[in-house]
Protein chains: 2
Amino acid sequence: MHTPNDDRATTKRTLGQYLAGIRMDRKMSLRAVEEATNKQVSNAYLSQIENDKIQQPSPNILHALSELYAISFENLMEMAGYLMGTAGRSDTERHGRIATFAEHNLTADEETEMLQYLQFMRNRKKPGDKT
Amino acid sequence: MHTPNDDRATTKRTLGQYLAGIRMDRKMSLRAVEEATNKQVSNAYLSQIENDKIQQPSPNILHALSELYAISFENLMEMAGYLMGTAGRSDTERHGRIATFAEHNLTADEETEMLQYLQFMRNRKKPGDKT
DNA sequence: TTCATTTGCTTGATATTCTTAGCGCGCTAT
DNA sequence: ATAGCGCGCTAAGAATATCAAGCAAATGAA
């Protein structure tokens, strides 16, 4: 079993770096996250978290982020240093990066909907559409 | 399916009452617990917890207690008000077919748009907040 | 009784999370 | 230029988890 951390040349990303990476992946601003999480995570606080100035964000915060980003909550908990294991869920299996979507940890429903959207997108391909 | 709740006619005890009950069940003193948990839970603090003077003990504390008492950690987490249910339990079984996307061979642009759509989808899925 | 120990508990201090307000930078448009 | 907006970030404070120390009451010897 490999470490739950990503590899990718960088030895070991901290929770902050991981979260920052994901957020940039999603192309969201700090304030966008604040909005999207319904103020559960203020932009200021998220900044502190991403810069590792907070040692252990509460599970609530982590959960909000995991939901928004659609990533593994338990993984975040582990990264934050919360010992999750003995109680029953030591699963936490991490698949390698199959695609960028691996990080998004889609639910079955989400995946279905994503596939539908993919079809739609490919049928309706527009030239030069850059948001 | 089945309520994650305990049995034992627990009715609706608070976390504190629950923990106090368990400790008396085990016939341990506050200081005995402090000892047994290797000072992870001080007797003073445990007293405050049992008397519901602490609103949300950290997962670490809860974990130490769950291990000592041999009770469910996640149950304690829930009692402490840590939302473990919103999107959690059932979708521990998500990943698995994300590989599907790999086979679709997304272009960079497609991937970007898919990510945006995911994000949109996630925001939409948000249940009504508690105003 | 008196002393020692142990009980649950409170108090005061410290550390940490998390919030609100605001700064300076880089844009874009007038 | 310059006014405005959104960006990431920080400073300062409020709230709260946690610890160390100590207290009164109960118990159990001697």
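A note on names: the letters A, B, ... follow the listed sequences, proteins ahead of strands, and every chain is numbered from 1. Predicted model only: the values in this text are computed from it and were never measured.
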Kindly determine whether A/Ile54 and A/Ile61 satisfy side-chain contact (heavy atoms from CB on, under 4.5 Å), including the steps that lead there.
CA-CA 12 Å; A/Ile54 266 64; A/Ile61 298 284; over 6 Å; no
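- In this structure, CE of A/Met28 is placed 15 Å from C1' of D/dG8, rounded to the nearest angstrom.
- If you measure from atom CG of B/Leu30 to atom P of C/dT5, you get 20 Å, rounded to the nearest angstrom.
- Closest approach of A/Leu46 to A/Arg23, counting heavy atoms only: CD2-CD, 4.0 Å.
- Taking every heavy atom of residues 32-39 of chain B and every atom of DNA chain C, no pair lies under 4.0 Å.
- At a threshold of 4.5 Å between non-hydrogen side-chain atoms, the residues A/Gln56 and A/Leu15 do not count as touching.
- Residues A/Arg26 and A/Tyr69 approach most closely at NH2-O, 2.9 Å, considering heavy atoms.
- Applying a 4.0 Å cut-off to non-hydrogen atoms, the residues of residues 46-55 of chain A that approach DNA chain D are A/Ser47, A/Asn51, A/Lys53, listed by residue number.
- At least one side-chain nitrogen or oxygen of A/Ser58 sits closer than 4.0 Å to the OP1 or OP2 atom of C/dC18.
- In terms of the side-chain contact (heavy atoms from CB on, under 4.5 Å) criterion, residue partners of A/Arg31 (sequence neighbours excluded) are, by chain and number, A/Ser29, A/Asn43.
- Closest contact between the side chain of B/Tyr45 and the listed nucleotides D/dT10, C/dG8, D/dT18 involves D/dT18.
- A/Asp52 pairs by the side-chain contact (heavy atoms from CB on, under 4.5 Å) definition with A/Thr14, A/Gln17, not counting sequence neighbours.
- The distance between atom CG of A/Asn43 and atom P of C/dA21, rounded to the nearest whole Å, is 12 Å.
- Annotation for A/Pro59 and B/Met77: closest pair CG-CE, 4.3 Å, computed over non-hydrogen atoms.
- Here the closest heavy-atom approach between residue B/Pro57 and residue B/Tyr82 is recorded as O-OH, 3.0 Å.
- The distance from atom CD of A/Gln56 to atom C1' of D/dT18 is 13 Å, rounded to the nearest whole Å.
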Show me the protein contacts with nucleotides 23-25 of chain C, counting only N or O atoms at under 3.5 Å.
none

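- Of all heavy-atom pairs between B/Gly81 and A/Asn60, the closest is O-OD1, 4.0 Å.
- Across B/Leu76 and B/Leu62, no two heavy atoms sit closer than the pair CD1-O, 3.4 Å.
- Scored by the side-chain contact (heavy atoms from CB on, under 4.5 Å) test, B/Lys39 finds B/Glu34, B/Glu35 as partners (sequence neighbours excluded).
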